[in-house]
A.B. asks: 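Dropping a structure here in C-alpha cells format, bear with me for questions.
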Amino acid sequence: MLRLDGAVGPAAADHLKRGIAAAHRDGAAVVVLQIDTPGGLDTSMREIVRAITAAPLPVIAWVGPAGARAASAGTFIVYASHLAAMAPGTNLGAATPVALGGPPVEAGRAASTPDPSAAKAMNDAVAYLRSLAELRGRNSDWGERAVRDAASLAAPQALAAGVVEIVAESVPALLAQADGRSVKLAAGTVTLHTAGLALRHHEADWRTRALAVISNPNLALILMAIGVYGLLFEAMSPGALVPGVVGAISLLLGLYALSTLPVTVAGLALLLLGLALMIAEAFAASFGVLGLGGVVAFVLGALLLVDTEVPGAVEVSLPLVAGLALACAAAALLVVRAALQARRQQPRSGTPAMLGETARVLDWAGSQGHVLLQGERWRAVAEAPLAPGDGVHVLGVDGLTLRVARAAPPPG
C-alpha cells in the first residue's frame, strides 16, 4: 500500500517508483496506490506513469478516503493504473494544463488560442491521456473533456462513464471487488487473487522526506543566497572557514534542489547573473550600480524560475522573493557605505600616508642628510639647516628622498 498525498513532485515520484520496486522484490501480489492530490509537476507525473505502465505487478489506484480527489496530474495516474477505483465522496478530473502559474487555456479553444505554447501543452496532454485510456480500455472521450474543458466527475458518475472500474469505501472492500478480475501487464494478462490479502503499508523513508523538503524552490533560493554570501565572506576574510564551509554546502544543496525542479533557463540565468553582480559589487567600485542591478536580476530570475503547472503546488513565494531582495539590497548598500567611508579616510600605507608624518634627524650636512621615519632610514633634503636629533615634518616624497622641514617645538 502506497500513498500519494499532496502535490505530485520529485519526492512523490521517487517514493512511488521505489515503492513499486520494493513490492515486487518482497513478492507482493498487488500494489494499492491511495491517491489524494490536487495535481503537480508534469515531469514527476510522467515518471509515475512510466513506473506504473512498466510495473511487473498490478497497480490498483484508489482515490480515497471520502473527501479525497485526483485532480490534474492525479487523473493521468488513475488512467495509467491497471485497475482504477474511487471511494464514495471523491472526484477526479480538471486536468487542464496550466503553465507558469497562469490561467488555464479557455475551454474548447486550444486549437485557436493565440499562444502556441499553450496549444502545444493542451494537445500534448489530450494525446497523452487518450493513449492511457486506450491502453487500459477506459473512456477516452471523457478524458479529453477533462483536459480541454476541465471536466470533473464524482465516484458514481465516473463508474457509470467507464472511467473507473470499482467504487469501494475501504481498501479491504476494494480488494474483495478486485478479486477475479483480469488486468494486462507488460508481460501479459494476469488474474487478480486479492480477497483477504494482508495489507503492508510502505511509508516514506528519510530520503523521501528529505527530498520533499529540499525540492522546494523557496528553500532552493534561500540556500543559494546563503551559499553565495558564505563564499563571499570567506573570500573577504580568508581563514574564517565557517562561512566558506556553510556557503559551499548550502550552494550545492540549492543547486541540487533546482535540478529536481522544472527550472526555466531564463529564470536560472537571471538568478545566477543577479548573484554574480551582487558579489562583484564587493570587489568593484561601482557605488551600488552592480549591486542594485544584481537585485533586479535576482528578483526577475526568482519570479521566472519554476515552470509549474499547478498554482500553489510548486511555486516561488512572492513575500520570500521580496525579503531576499531587500536583504541583498541591504548587503549591497552596506558595501557601498563601507567603500565611501574608506574613500574619506586618510591613507594608511604608501607614499600618501607618509606626508605630514614626523621624523627624527640622524645626521645632517648642509641641505641634506638622513632621517628616521617609521623605523626606516631615509635620505632627506631641506631648505634650512638641521641638526641631529631635530624633529621634522615630511613635505613630499621624490623617489627615495624625503623633502622635510623643521617641526615646531612642542609647547612648553
A.B. asks: I need the full list of salt bridge (charged side-chain N to carboxylate O under 4.0 Å, His left out) pairs touching residues 160-185, with sequence neighbours left out, sorted by first then second residue.
C.D. replies: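 Non-adjacent pairs meeting salt bridge (charged side-chain N to carboxylate O under 4.0 Å, His left out): Arg138-Glu165.
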
A.B. asks: Between Leu2 and Val32, is the side chain to side chain contact (heavy atoms under 4.5 Å, CB included) condition met? List the steps.
C.D. replies: CA-CA 6 Å; Leu2 302 174; Val32 176; over 6 Å; no

A.B. asks: Let me confirm one number: the CD1-OG1 distance from Ile48 to Thr53, rounded to the nearest 0.5 Å.
C.D. replies: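 Here the rounded value is 12.0 Å.
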
A.B. asks: Quick one: which residue pairs count as a ring pair (Phe, Tyr, Trp, His ring centres under 6.0 Å) with a foot in residues 131-163, not counting sequence neighbours?
C.D. replies: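 The answer is none; no pair qualifies.
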
A.B. asks: List, one per line, each side-chain donor-acceptor pair under 3.5 Å for residues 392-401, sequence neighbours excluded.
C.D. replies:
unit_1: His393; atom_1: ND1; unit_2: Thr358; atom_2: OG1; d: 3.4
unit_1: Asp398; atom_1: OD2; unit_2: Arg403; atom_2: NE; d: 3.1
unit_1: Thr401; atom_1: OG1; unit_2: Arg379; atom_2: NH1; d: 3.2

A.B. asks: Please determine if Asp390 and Arg360 form a salt bridge, counting it only when a charged side-chain N lies under 4.0 Å from a carboxylate O.
C.D. replies: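 No, no charged N to carboxylate O under 4.0 Å.
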
A.B. asks: State whether Tyr128 and Arg46 meet the cation-pi test: NZ (Lys) or CZ (Arg) under 6.0 Å from the six-membered ring centroid, and within 45° of the perpendicular axis.
C.D. replies: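 Yes.
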
A.B. asks: Please evaluate residues Arg148 and Thr96 with respect to the criterion side chain to side chain contact (heavy atoms under 4.5 Å, CB included), reporting the C-alpha separation (whole Å), side-chain torsions for both, the decisive distance (0.1 Å), and the verdict.
C.D. replies: CA-CA 6 Å; Arg148 294 194 184 278; Thr96 303; over 6 Å; no

A.B. asks: Tell me which pairs pass salt bridge (charged side-chain N to carboxylate O under 4.0 Å, His left out) where either residue lies in residues 8-17, with sequence neighbours left out.
C.D. replies: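 Every salt bridge (charged side-chain N to carboxylate O under 4.0 Å, His left out) pair that includes a residue of residues 8-17, provided the two are not neighbours, is Asp14-Arg18, Asp14-Arg207, Lys17-Glu47.
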
A.B. asks: Name all pairs fulfilling the ring pair (Phe, Tyr, Trp, His ring centres under 6.0 Å) condition that reach into residues 13-43, sequence neighbours left out, sorted by first residue then second.
C.D. replies: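 Found His15-His202.
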
A.B. asks: Using side-chain heavy atoms (C-beta onward) and a distance below 4.5 Å, is Val167 in contact with Pro88?
C.D. replies: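 Counting from C-beta outward, Val167 and Pro88 do come under 4.5 Å.
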
A.B. asks: I need the full list of ring pair (Phe, Tyr, Trp, His ring centres under 6.0 Å) pairs touching residues 205-224, with sequence neighbours left out, sorted by first then second residue.
C.D. replies: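 Sorted pair list comes back empty.
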
A.B. asks: Can you check whether Asp36's main-chain N or O pairs, donor with acceptor, with Arg69's side chain at less than 3.5 Å?
C.D. replies: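 Answer holds: no.
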
A.B. asks: Take Leu273 and Phe298 through the side chain to side chain contact (heavy atoms under 4.5 Å, CB included) test and state the conclusion after the steps.
C.D. replies: CA-CA 7 Å; Leu273 175 63; Phe298 181 85; over 6 Å; no

A.B. asks: Taking the side chain from Ser250 and the backbone from Gly227, do they hold a donor-acceptor pair closer than 3.5 Å?
C.D. replies: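 Checked: no pair found.
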
